[in-house]
Amino acid sequence: MRSGLDEDFHKRGFGDGLAELGHEDRDGWHLWQKGLERRVDSCMSAGFHGSRQDSARPFQPLAFLKSSSTLRPLPASGAQKRPFSLHFLMTPRVRFAPSPTGDLHVGGGRTALFNWLFARQTGGTFILRIEDTDGARNTEEAQRGIVKGLRWLGLDWDEGPEVGGPHGPYFQSQRKAIYDAYLAKLEAAGRVYTEENGAVRFKFSRTAITVHDLVCGDVTFAPTEEPDMTIRRPDGSYIFHFVNVVDDIEMRMTHVFRGEDHLSNTWKHIDLFHALGATPPTYAHIPLILNPDGSKMSKRDAGSAIEHSYIHEGFLPDAVFNYLAMLGWTPRADKEVLTREELAKLFNPADIHSANARFDLQKCQWFNAQFLRALSPEALLNASLPFLTSAGLVIGDEAMAAAAVYSVKEKVSLLKEIPAWVHYFFREDYPFETDVMEKLKAKPENANLLKAAQTALGQAAEWSESSVHGAIEAAAKDAGVKTGALMPLLRAALSGQSRGPNVATIAHLVGQESTLRRIDRTLSEALG
RNA sequence: GACCCCUUCGUCUAGCGGUUAGGACACAUCCCUUUCACGGAUGCGACACGGGUUCGAUUCCCGUAGGGGUCGCCA
């Protein structure tokens, strides 16, 4: 979608790649290139990231121009220019490229999330590519875990497995012919050699290579002394570094958001891009997620796996999405609880932190509690259904069930806690908790109090929450006790528990007949 | 061992040379209240250390220490 001006701009050579930036002022951004100045009205993702390393190149700008305005000769004055790379007539293409190792790891989930956020914000394309080059340890089952985790988080992809796309196949195990062709290019360029056993190595250029990173700034690596990199095994299968670069070229990636653990190897990738005559994408190496004690988070650690730690524990996708997005990035907003749409709108790679972050399960649960409370009764019931079912509860009346779970929503932070709070709504043979039983038996007059309440409730002509409440108050008054003395007894009788929603709410929801039966049962079983 | 990244309350963070160093989670106290919660209020609590630069450093520079990462025919 290029405007005429953009087209003109493009014709004059303002393509992707290196441009120069003048300055930012009230009029917007002034970009300078090839003797012309272009003023930019609006930018998506406006922002600059200061480079800590090289003060001569202090900014690594990030701009996706939406509209353009004037195009005029560059002023002759020697205003300072700052070089930067900019893909400004191109919609971004980003990808998440996991190797299928089973359950989606939170670190991977967040990497996918940042890519997704960026794509959704800029109107770009988000691609899922499965890096299953290591046939020995990759299984279809493992790949399903990744897909399930991404779908659960709501990270939909525009190209990739299950949805297809123009640059497929999206499994590296199916792209051998492409890699062979690229290997031929390297051979033609004299950049590879084959070892005696058949392994193929890539000849490093052994020059200094600078990574221009949106997060880390410019990072320069001195000419390497490492041995040349193997890119193909003797059995003909290819190595990660090579296929990763080839696919990023083939799939036209403009940006790569990935974990900081890749930063140290990025010079190798850039070397490959250059050897293949391609321009490297813009990189953004995002900080890692650490355990609460600062150690590296691995598969076995709490909170590390999407399905095991979140889906099964009763987290809501939106909450995990929100929490993960805030780990390593702070949106410029006056609140923390944000929807994925709001996060996508606010996302700015320039605001990504460069320091690793520790995982805090409590805060993640807090986010979950926030989203839980915002759910409608129907949505809450729907979300808790798997947990209610696995607790053996049978839902008869859905409206009642929805009201029941809704009545305890601010008492829990995880869906899996809900059954323990609502089980008595769905059955009348609930157990009496030990302390509840003791409390009931503590005073002989409790039985009479309950009987009085039962009589009053039995006589209620109307069965609304307020009428129930009124009947209980009246019964307490007649019996000469405070309402606050009767309520706990009734709560015990109706639920077998000492805590829960309002007593009147419970009675109202289970109905008049059940309420009376529950008191009968208490009288005979707990006080009999 | 070499190289790379990082360092503000316990945790996530705001800050971009001059602030009583702000917020959120957690924790504590109080209020609300039929319980448990929610909510509200208050409190606790941080610039890793040492040198510079500067009238002035949390902020800029250099070291040190500490944490993390990378150096695979894993991805």
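Just so we're on the same page: letters track the sequence lines, and every chain starts at 1. None of these values were measured; they are calculated from a predicted model. What you see below is based on every heavy atom in this structure, not just the backbone, and it leaves out hydrogens, waters and symmetry mates.
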Pairing partner of B:G1, by Watson-Crick or G-U wobble and under 3.5 Å for both distances, is B:C71
* Does the ring center of A:His255 lie less than 6.0 Å from the ring center of A:Phe114? -> no
> Checking all strands, does A:Arg491 fall into the base, sugar-phosphate, or nothing category for heavy-atom contacts under 4.0 angstrom?
Replying inline: base
The correct set of residues in residues 329-338 of chain A placing a heavy atom under 4.0 Å from RNA chain B is A:Thr330, A:Arg332, A:Glu336
Using the ring of each side chain (for Trp, its six-membered ring), is A:Phe221 parallel, tilted or perpendicular to A:Trp267, with breaks at 30° and 60°?
tilted
Rounded to whole Å, CD1 of A:Ile286 lies from P of B:C6 at a distance of 15 Å
Heavy-atom count check: over 12 atoms from other residues, nucleotides or ligands less than 6.0 Å from A:Glu226 CD?
yes
With sequence neighbours left out, the residues meeting side-chain hydrogen bond (donor to acceptor under 3.5 Å, both in side chains) with A:Lys439 are none
Query raised in the report: What is the nucleic acid contact for A:Asp235, judged by heavy atoms within less than 4.0 Å: base, sugar-phosphate only, or nothing?
Result: nothing
* Asked: For A:Gly294, which contact category applies under a 4.0 Å heavy-atom criterion: base, sugar-phosphate, or nothing?
  -> sugar-phosphate
Result for 5'-nearest mapping on RNA chain B, choosing between A:Asp228 and A:Leu327, is A:Leu327
Atom CG of A:Asn348 and atom P of B:A14 are separated, to the nearest Å, by 13 Å
With heavy atoms under 4.0 Å as the rule, sort A:Arg232 into base, sugar-phosphate or nothing. nothing
A:Arg358 meets the side-chain contact (heavy atoms from CB on, under 4.5 Å) criterion, sequence neighbours left out, with A:Leu290
Pairing partner of B:C9, by Watson-Crick or G-U wobble and under 3.5 Å for both distances, is none
Could you measure between the two P atoms, the one in B:G63 and the one in B:G68, and give it in whole Å? 22 Å
Contacts of A:Cys364 and A:Met487 projected onto RNA chain B by closest heavy atom; the upstream (5') one is A:Cys364
TODO: Mind checking A:Asn197 for me? I need base, sugar-phosphate or nothing, with any heavy atom below 4.0 Å counting as a touch.
DONE: base
For this session: Mind running side-chain hydrogen bond (donor to acceptor under 3.5 Å, both in side chains) on A:Asp247 and A:Gln172 for me, showing each step along the way?
Result: CA-CA 8 Å; A:Asp247 284 343; A:Gln172 292 187 328; 2.8 Å; yes
- Contact class for A:Phe221 (heavy atom, under 4.0 Å): base, sugar-phosphate, or nothing? sugar-phosphate
Between CG of A:Asn265 and C1' of B:C74 the distance, given in whole Å, is 11 Å
Among the nucleotides B:G68, B:C5, B:A75, whichever has the atom closest to the side chain of A:Asn356 is B:G68
If pairing means Watson-Crick or G-U wobble with both distances under 3.5 Å, then the partner of B:U58 is none
Which of A:Lys268, A:Arg191, A:Arg206, A:Lys203 passes salt bridge (Lys or Arg N to Asp or Glu O under 4.0 Å) with A:Asp228? It is A:Arg206
Item to complete: Just call it for A:Gly198: base, sugar-phosphate, or nothing, with non-hydrogen atoms closer than 4.0 Å on any strand.
Response: nothing
- Query: Under 4.0 angstrom, heavy atoms only, what part of the nucleic acid is A:Lys482 near: base, sugar-phosphate, or nothing?
  - Reply: nothing
Note to self: Need one value for A:His353: base, sugar-phosphate or nothing, where a base atom within 4.0 Å counts as base even if backbone is also close, heavy atoms only.
What the structure shows: sugar-phosphate
